[in-house]
Amino acid sequence: MLVFLLRRLAGHAVLAVLAASLAYLLAAAALRPRAEFEDRSPRPPAAVVDAELDRLNLNDRTPLADRYRVWATGVLHGDFGRTWQGDPVNGELGRRLLVSLRLLTCGAVAGGVLGVLLGAWAAVSRHRATDRAITFGSYLLLAVPVFVLAVLLQIGASRVNDATGVRLFAWVGETGPGASGGAFGPLGGLGDRVRHLLLPSATIALAQLALFCRYQRGTMLDVLHADFVRTARAKGLRRRDALLRHGLRTALVPVATYFAYTSGLLLLGAMFTEKIFGWHGLGEWLIDSITRGDVNVVAAVDCLAAAAVLLAGLASDVLQGALDPRARAGAR
Amino acid sequence: MNRRTRAGLALLAALFLLAFAGPLASPWSWDATDFTAFRRPPSAAHWFGTTQSGRDVFALTLHGMRKSLVIGLLVAVLSTGLAAAVGTVAGLLGGWADRALMWGVDLLLVLPSFLVVAVLAPVLPGGWPVLVVLLAAFMWMVTARMVRAATVSLREREYVLAARLLGAGTPRVIVRHIVPQLASLLAVDASLNVSVAILAESGLSYFGYGVRPPDVSLGTVIAGAAGSATAYPWLFAFAAGLLVLVVLAVNLIGDGLRDALDPAGRR
Amino acid sequence: MTPVLQVSGLHVDYAPDVRAVRGASFAVERGEVLGVVGESGSGKSALALAVLGLLPAGARVRGSVRLRGRELLGLPDAALSRVRGKDLAMVFQDPLSALTPVHQVGDQIAETIRVHAGATRRAARTRAVELLELVGVPDAARLARAYPHEFSGGMRQRVMIAMAIANDPLAIVADEPTTSLDATVQAQVLDVLRTAQQATGAAIVLITHDLGAVAGFADRVMVMYAGRAVETGPVGDVYRRPRMPYTIGLLGSLPRLDGAPVRALPADAAPAAEGCPFRTRCPVAVAACAVTEPAALPVAPSGQVAACLNLAATERPGAVYPVPEPVPAPDRPPRRARPPVLHVSGLVRHHPQYRGALYKRRVGAVHAVDGITLDVREGETLGLVGESGCGKTTALMEILRLAAPPGGRVSVLGRDTAALGRAGRKALRRDVQVVFQDPFASLDPRMRVAAILAEPLAIHRVPKDRTAARVRELLELVGLDAALAGRYPQQLSGGQRQRVGIARALALEPRLLLLDEPVAALDASVRAGVLALLRDLQNRLGVAYLFVSHDLAVVRSVADRVAVMYHGRIVEIGPAGAVYGTPAHPYTRALLGAVPVPDPGARQGRVTLPGGPPDPSAPPGGCRFRPRCPRHPGLDAGRARLCAELDPVLAEAGDDDHAAACHHLGAR
C-alpha cells in the first residue's frame, strides 16, 4: 500500500510541476502588470517602471523563458516571489490559506454531513412526500449559482436583522471593528467571529449539501434493494437498522471518497463566497491578482490549488482503501 | 421519457420562447435608454423595471438569457463532442495512446480551469465565441473519462465479442455496436453539460472575465445588480430567477434522461 | 404432530397485475425437509420472501403464514424482526451479494446472535467462530475476520448457513442455496445444510429449480408452475409416479447420466391466463382445461396430490410425452477415417494474475490451460467438462482467437492458426463459430433478430438480395417462428434467445461450432429442447461441436467423446460411453458421483470430494489432483510418493482411445 501511495505521489508530483509551470507561463504571457504601474499618477518614468518590474521579475520585456527560470528557481527554494506591492508572496499565501480554511471547514463538513443524511433519508422514504420534498429542494439548490445564493442569503439576513433589531448576522469580513475590545471582551470577539462566519458558511454548506444529497440518494437507492440488506433483515434487524448498519455503511464508500476528492477543488471554489462576503482568502486574492496582473500571486495560488487537488485525490484513494475492504490489496 | 424529462423539456421550451419571442412583445430594445426612468421598480411601461442608466430590465434580461442559452448549448455540444472523440479513441486503442490521452486529461484536470479561462479570455480577441471555445476546452475531461470507461466495458461485452468472432472489423464494431450504446450516454452528458456551461459562463461574467460589454448575459446582469440587491431587488431578481430556471430545466432533462436510459445507475 | 411452519392460501401480487403466487399451501414439521421446485417465473422466490415478510414494498400478500400456530402475515416490522433470524431463518441464493461487503463475516454472524440474544460482543464473536467450525470452515478463528469477497462461493454459502442456524431456528427457508456452485461444492453445501439441520432440528423449506438437489435431500416435494403448486407429495412417490403433466415433463426432460433419451417439453409457450396455466404446453389437454383451473386432488394414499383435469391420461406417466423417434445415426465413415476439423496439441495459456481493486499488483500467473491435446473430427461432438476455473473456457477462447497460441499448436481444418494471415483468419471464421452461455449478453440489445442474423452475412459479403431468404431459413432451422424476425432480443424468452444465438452461429454454415455452456442459463424444460435441436442440427448439417460445460449430465446427452479437465490439464478423455460407464480417473469418478440425480434412491454410497476447485495460480507439485484425491490417502507410501513427485501423463485406460492421467489406474 505504502509503495503504491509513494508511486502515485511521484506521478502526481510530475503532474503538479507541469500544471504549475503551465499556469505560470500562461499568466506571465497573458497578464499585463506594466499597465498597472504605468497607470499610477503621477505617471512614473519608463526607466523606473522597468526597474520596478525587473525587481519583481514581472517585466514583459524580459524573455518569458528567463522569467520562468527565475520563478522556477525561486519556487524550488520555497520562494514564490513577491507581490505587486513588493511583499513576499509566501507570508500572505499562508495567511490567506488559513482564512480560506477557516471559512471552508465548517461549511464543507456541515454541508457534506447534512447532505448525506438528507440524501439517505430521501432514498429510504422513496416515492413519499419526504423524498419528493428533499429531491425537489436539492434540484432547486443545485440550480442556484453560489453568487445568487450568497446574495439571497444576504437579503434574507438583512430582513432578519431589521425585524429583530439586533445584528444577528454580519457579512462583511471576518470580524467587525472593535468587537473584541467591547463590553464582552474576548468572548464578544468570538461571538463576533461566529456571527461573521454564519452566512458565508451557510452559503458553502448549502451548495455542498445539494450536491451530496443527490449523490447519496443515488448510491443509497442502489443498495436499498441489495441482497445484503435483505439478509440483514432476515437476521432480524428492523428495516431502519438494516438500512443504517448495512445499507448506509456500504453506500457511504463512494460518497466519502467523492467528498475527499472534491475537497481539493473547494479551495478555489470558495472564491465567490470570499469575494461577496469580503473574506480575504485565497479565492479573493486570486481574482484581485488576475485583475491587477499580479503574475507571481496567480502562479502561487495555482500551485497551491494543484497540490490541493492532487493531495485530495490521494486522500480519496486512501479513504477508499480504509472504508472498502474490497479495494485493499494483497488480501487473501 | 419520464415525467422529469417532460417537465424539463416543457420548461426549457418555454424559456427559449421567452428569450427569443419575448423581446418582440416589449416596446423597449435591450440597448435603448429611457431617460425618464432611472431605477424604477416594475411598472406597466417597464415590466421588470429599469436600471440605474434607464435601460429596460425585461429586454436586458431576456437578451442576456439568449446569450447564456446559446453559449450553454454551444459549449455542451463542443465539449461533449471532444470528450466522445478522445474517450472512444483512448478506450478502443488502449495501450500507449490510451495512457497518453488520459495523462493529458489528468493534467487538464489539475490545472484550475477558472484561472486559465479568466486569464486568457480577456486577452484573446474575438468576443464571446472565444469564451465558448475556452469553456469547452476545459469541460470535456470528466466526460472523456466516462466515455473511455464505457467504451472499455462495451469492448468486453459478449455481443461485441460475438461480432468480432464472426469476423467483423474494428470500424464495423464501433459503428454498429459501440456508438449506438454511447449515444444515450452522450445525450445525457451533453444536456447536463449545458447547465455546467451556463453556470460557468455566468460565474466568469460575474467577475468580469466572461461575456464583456457591450455583450450582455445573465451573469453580467446579475453582477451589475448584486451589489444593490437589497435596495433594488428587481434589478437582481429577474435575472437570477431566470438563471435558476434555465439550469433547473436542463438538469431535469439530463437526470430524467439518465434515469430513463439507465434505470440501474441513478446517480 | 403440528406443523412448525404452515402456509395456506398464500397469494402474492406485484403491482399492477403480476400474480407471482396464486394460492400456495404447505406445511412442514420439525426436522422435515420440503423441496419446492419450479423454474424461473414459477413464483417460488416470491413465496420464500413472502414467508419471511421480506417482499419489496410494492407487493401485496394475502393468505396465512403460521409459525408454530402464530400468524406472521400482517405483523408489524418490529414484531416480525423478533421472529426473523431467531425462529425463522433464511439462506439466500447468491452469497456474494447477500453478505455485506464491508463487514467481516464473523461480525455478520455475531450480529445475528446479538440482535436476538443480546449477548456481549465477545460472546457473540466466540459463538460465531463455533458456528463457522460447525459448517466446516477451516481455520474458523482466523477466517471470521475475513471479508466476504475473500471467500469462495461454497465457503460463503457455509457462512450464510452458519448465520441461519445461529439462533437454533424452528424453520429455515433456503432459496436456491446451491445454484451457481460447482457440483462437487453443491454436494458439500447440501451436506452442511443437513448437518446444520441435525444440529438444530429445524424444518427446512428448500427452494430450487434443481430436481436432482431435491431428490437427495427432501422428504417431500412441491412442484410449482405459474404461481401454483401443481403437484405435492413424498419425494419417492412424486419422482417415481408423477401425475401432473408438468412434473412428468420436467422429470422426463432432465438429461441423464446413462445417456437414455430425454423427452423434451414443448418449448417455452407462456402460461395460459385462464384455465389451466400449463395447457399451452400440455400434450394431454382437454377442452375443459381452457375453462377451469384444476384443484389439487389426492392421487395416492401417501398424500400425493396433483392438479390436473385429465388424471386419467397420466395414469401411465411414461405415455404422456411421445418417446422421441430414435434419430437414425447418419451414415458416416468410422471415426478414424474422418478428417479432424480441430486439432489442438500442447495448448498453453497463462494469465498474469493481479490482486487488489484499487491498485493492481501482479502476483503470479494463472495456469489456466497448461498443455492440453485433443482433436474433434467431422460430425462429432467432443464434450469438455470440468469445474469452474479448470480452464475449459480459456481453452475455448484460445482456439477461437485463431492466432498463434502462447504455447502449443492449434489447427483448424488442417490449417495451422499460427500461419494464418489477416485475410486467411477472417475466411476461416466462416468455418469456426461460437455460441455463448448467456443469451442475454450475447445478442446486441439494440438490434432486431433479423439484423442479428444478417450481420454475419454482411460481414462476409453475402449478396444483399439473398439475406432475407437466408434469415427466414435460419429461423426455421432453429425452430423459431418467422414472425420473431422483427423482435428485439429482450422481447424473447431465454430459450428463443439461445436459438437465435445458434442460428447466428450457423449463418455461414460453419464446419465447427464451439459451444460455451450453451444451456447453463436455461430452465430445465427449455434446456432439453435446445439440446435436441443441437443434436438434430448436427445430424442434418454434419457440423462438429466442441461442447464446453460443467454439467456432466448435459454433456452425456450430446457428446460422442468426453474430455475431463482439471487444473488446466485433461485428466481423462475417451468415448462418452466409456468415460461415464467405466471412469478411470478418480476425479471423473468424483464428478460423476457429485451430479445430482433426480432419483431419491440414488444417493447412498456417494463420495463427496473434499475442498473446492484449486487455486489456479499455484499448482501443487506432482499430480495436481493429489490434495483432493480420494484414492491418494489409501495408497501405501511408495505409491503415494509417486503421486507427490511425478506429474502423471495421459495413458491408455482401456480400448477405444480412452486415456487417463493417473499413476494408479488399476486401483479403485
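Since the structure is predicted, the reported quantities are computational estimates derived from the model, not experimental observations.
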Asker: Is there a donor-acceptor pair closer than 3.5 Å between any side-chain N or O of Asp324(A) and the backbone N or O of Val102(C)?
Answerer: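 The answer is no, because no donor-acceptor pair under 3.5 Å joins these two groups.
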Asker: Rounded to the nearest 0.5 Å, how far does NE2 of His116(C) lie from CG of Leu237(A)?
Answerer: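 Here the rounded value is 8.0 Å.
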Asker: Tell me, side chain or backbone of Ala78(C) under 4.5 Å from chain A's heavy atoms, or both, or neither?
Answerer: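 Backbone plus side chain of Ala78(C), per the 4.5 Å heavy-atom cut-off to chain A.
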Asker: State whether the side chain of Thr231(A) and the backbone N or O of Ala98(C) hold a donor-acceptor pair below 3.5 Å, judged by distance alone.
Answerer: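 Side chain of Thr231(A) to backbone of Ala98(C), a donor-acceptor pair under 3.5 Å: yes, one is there.
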Asker: At a heavy-atom distance under 4.5 Å, which candidate from Gly53(C), Ser81(C), Gly85(C) has the highest pair count against chain A?
Answerer: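 Highest number of pairs under 4.5 Å: Ser81(C).
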Asker: Name the region of Leu143(C), side chain, backbone, both or neither, that has any atom closer than 4.5 Å to a heavy atom of chain A.
Answerer: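 The answer is neither part of Leu143(C).
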Asker: Just verifying a value: how many Å separate Arg239(A) CZ and Leu80(C) CG, rounded to the nearest 0.5 Å?
Answerer: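 Rounded to the nearest 0.5 Å, the CZ-CG separation comes to 13.5 Å.
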Asker: Would you please test Asp77(C) and Arg240(A) for salt bridge (charged side-chain N to carboxylate O under 4.0 Å, His left out) and show each step?
Answerer: CA-CA 10 Å; Asp77(C) 189 43; Arg240(A) 197 195 54 212; over 6 Å; no
Asker: Whether the side chain of Arg230(A) engages the backbone of Leu54(C) through a donor-acceptor N/O pair (distance < 3.5 Å, no angle test) should be reported.
Answerer: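 Absent.
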Asker: Among Arg245(A), Arg249(A), His246(A), which residue meets the side chain to side chain donor-acceptor pair (under 3.5 Å) test with Thr100(C)?
Answerer: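 With Thr100(C) as partner, side chain to side chain donor-acceptor pair (under 3.5 Å) holds for just one option, His246(A).
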Asker: Evaluate the criterion side-chain contact (heavy atoms from CB on, under 4.5 Å) for residue pair Arg238(A) and Arg82(C); output intermediate values, then yes/no.
Answerer: CA-CA 9 Å; Arg238(A) 295 190 200 180; Arg82(C) 284 193 286 276; 4.2 Å; yes
Asker: Tell me, side chain or backbone of Leu323(A) under 4.5 Å from chain C's heavy atoms, or both, or neither?
Answerer: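 Contact with chain C: backbone only.
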Asker: So for atom OH, which belongs to Tyr139(A), do other residues, nucleotides or ligands contribute more than 12 heavy atoms lying within a distance under 6.0 Å?
Answerer: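 Check passes, neighbour count above 12.
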Asker: With only heavy atoms counted, which part of Gln108(C) is less than 4.5 Å from chain A, the side chain, the backbone, both or neither?
Answerer: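 Contact with chain A involves both backbone and side-chain atoms of Gln108(C).
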Asker: Hey, does the side chain of Lys235(A) reach the backbone of Ala89(C) with a donor-acceptor pair shorter than 3.5 angstrom?
Answerer: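 Between the backbone of Ala89(C) and the side chain of Lys235(A) there is no qualifying donor-acceptor contact (under 3.5 Å).
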Asker: Give me the atom names and distance for the closest heavy-atom approach of Pro325(A) to Pro101(C).
Answerer: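 Answer, listing the atom of Pro325(A) first, then Pro101(C): CG-O, 3.3 Å.
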Asker: Using a cut-off of under 4.5 Å on heavy-atom pairs, state which of Pro56(C), Pro169(C), Ser97(C) scores highest against chain A.
Answerer: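 With the most close heavy-atom pairs to chain A, the winner is Ser97(C).
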